[in-house]
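For reference, the structure is listed below as structure tokens.
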2 protein chains.
Amino acid sequence: MSDTTQPRRSTRQQAAVANQLAQLPDFVSAQELHAQLRDEGESVGLATVYRALQAMTAEGQIDMLRTEDGEAIYRACSTTHHHHLVCRECGRAVEVEGPAVERWAEQVSAEHGFTDAHHVIEIVGTCADCRTV
Amino acid sequence: MSDTTQPRRSTRQQAAVANQLAQLPDFVSAQELHAQLRDEGESVGLATVYRALQAMTAEGQIDMLRTEDGEAIYRACSTTHHHHLVCRECGRAVEVEGPAVERWAEQVSAEHGFTDAHHVIEIVGTCADCRTV
DNA sequence: GGCCTAATGAGAATGATTGTCAAAATAGGC
DNA sequence: GCCTATTTTGACAATCATTCTCATTAGGCC
Ligand SMILES: [Zn+2]
Ligand SMILES: [Zn+2]
Ligand SMILES: [Zn+2]
Ligand SMILES: [Zn+2]
């Protein structure tokens, strides 16, 4: 199964990225994370931030998904698993959960012989405020 | 609700994009579509392809989603509504349906006052073949 | 300490997407 | 069909996230 988990060397930079991510409740882009680290003095090169996030994603330590405009965003996956309901006009996002969906995803994967399945679910709509404009 | 559907003028280029898309059974990127049109002699400027796809997406005439590496891909949405279960190793995709999920998505949107909601659901796992390797 | 090698960072390079703006095409009214 | 107001197009430049390059730095280990 190509378990490409060669142990990485532990460095200040990787720890900084991991810690920062652990402190954030929601998704951030690599750019944002880089800026935050810079602001806190714990400066890490941009390329390194990208590499760390990549590695952690590959190892399943963090979740990655894409915003509507294609930017990759990351989140520590310790947070409660949930999904987003996003307004296509103002970008406001509501966190939603759905046990039924979680079960469905697992079931569908199992039915087709897939293992270690993850899923991405995003709902995009127009919120009440933006509708009345 | 800012129904920005001012009727667009109909042009050869937009027709070409729409036709090409109607002929393709699966998702294509703007770049691929542009190349195909060029090869078939029905040449259309790249920027125009992007604009046409954008417009059609905004009008709900086609579906757009993002590949793993962030590229936007499009498909005529005449096909039956379904989702994909994709193998992270070999890329094999299985089309799956789930009435329960569809209902959940609608319900969640309604609960929060969102209208005209669409959703993106993708499940990524490791298929049976790739597991045994 | 010293060696080997992986990790870092500054900047260049890539590549999809979007912006610019003059030229061409459309929709209507005549 | 012809004319005009407005939209659309296309070649090219500009943006911007992400990746690549490669000289330098710093873990892991003796
Ligand atoms: Zn809104
Ligand atoms: Zn879920
Ligand atoms: Zn597979
Ligand atoms: Zn669905």
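As the structure is a prediction and not an experimental result, all values here were calculated from the model. Hydrogens, waters and symmetry mates play no part in the numbers below; they use all other heavy atoms, side chains included. We name chains A, B, ... by the order of the sequence lines, and we start the count at 1 in each one.
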Which nucleotide, C:dT17, C:dG11, D:dT18, lies nearest any side-chain atom of B:Glu71? C:dT17
Rounding to an integer number of Å, can you tell me how far A:Leu53 CG sits from D:dT18 P? 10 Å
If you pin B:Ala72 and A:Gly45 to their nearest nucleotides in DNA chain C, which one's is more 5'? A:Gly45
B:Phe27 with B:Val17, same ILVMFWY side-chain cluster at under 4.5 Å: no
Presence of A:Tyr50 side-chain N/O under 4.0 Å of D:dT18 phosphate oxygens OP1/OP2: yes
Using five pairs at each end of the helix from C:dG1-D:dC30 to C:dC30-D:dG1 to define an axis, what is the angle between those two axes, to 10°? 40°
Choose from C:dT18, C:dT20, D:dT19 the nucleotide whose nearest atom is closest to any side-chain atom of B:Arg51. C:dT20
For nucleotides 24-30 of chain D, just jot down a letter per nucleotide in 5' to 3' order: B, S or -, based on protein non-hydrogen atoms under 4.0 Å. --BBS--
Evaluate A:Arg131 against B:Asp116 for salt bridge (Lys or Arg N to Asp or Glu O under 4.0 Å), listing each step before the verdict. CA-CA 10 Å; A:Arg131 189 177 357 131; B:Asp116 198 22; over 6 Å; no
Heavy atoms, side chains only, cut-off 4.5 Å: are B:Leu65 and B:Asp63 in contact? no
D:dT18 phosphate, OP1 or OP2: any side-chain N/O from A:Gln54 under 4.0 angstrom? no
Checking all strands, does A:Glu32 fall into the base, sugar-phosphate, or nothing category for heavy-atom contacts under 4.0 angstrom? nothing
For B:Val28, enumerate each residue passing the side chain to side chain contact (heavy atoms under 4.5 Å, CB included) test, keeping only those at least two apart in sequence or located in another chain. B:Leu21, B:Leu24, B:Glu32, B:Gln36
Take atom CZ of B:Arg38 and atom P of D:dG10, then tell me their distance rounded to the nearest Å. 10 Å
Can you measure A:His34 atom NE2 to D:dT19 atom C1' for me and round it to whole angstrom units? 15 Å
Rounded to the nearest angstrom, tell me the gap between atom CG in A:Leu46 and atom P in D:dT18. 9 Å
On a heavy-atom basis, the closest approach of B:Gly45 and B:His34 is C-CD2, 3.9 Å
Whole-Å gap separating P (C:dA7) and CE (A:Met56): 14 Å
Under 3.5 Å, is there a donor-acceptor pair between the side chain of A:Ser109 and the main chain of A:Ala105? yes
Within the 4.0 Å heavy-atom criterion, would you say A:Gln14 contacts the bases, only the backbone, or no part of the nucleic acid? sugar-phosphate
What is the distance, rounded to the nearest whole Å, between atom CD of B:Gln31 and atom P of C:dT17? 6 Å
Using whole Å, report how far CD1 of B:Ile73 lies from C1' of C:dT17. 16 Å
Which label fits B:His83 and B:His119: parallel for a plane angle under 30°, tilted from 30 to 60°, or perpendicular past 60°? tilted
Treating A:Arg66 as the side-chain partner and B:Glu68 as the backbone partner, does any N or O pair qualify as donor plus acceptor under 3.5 Å? yes
Is a donor from one side chain sitting under 3.5 angstrom from an acceptor on the other, for B:His82 and B:Glu97? no
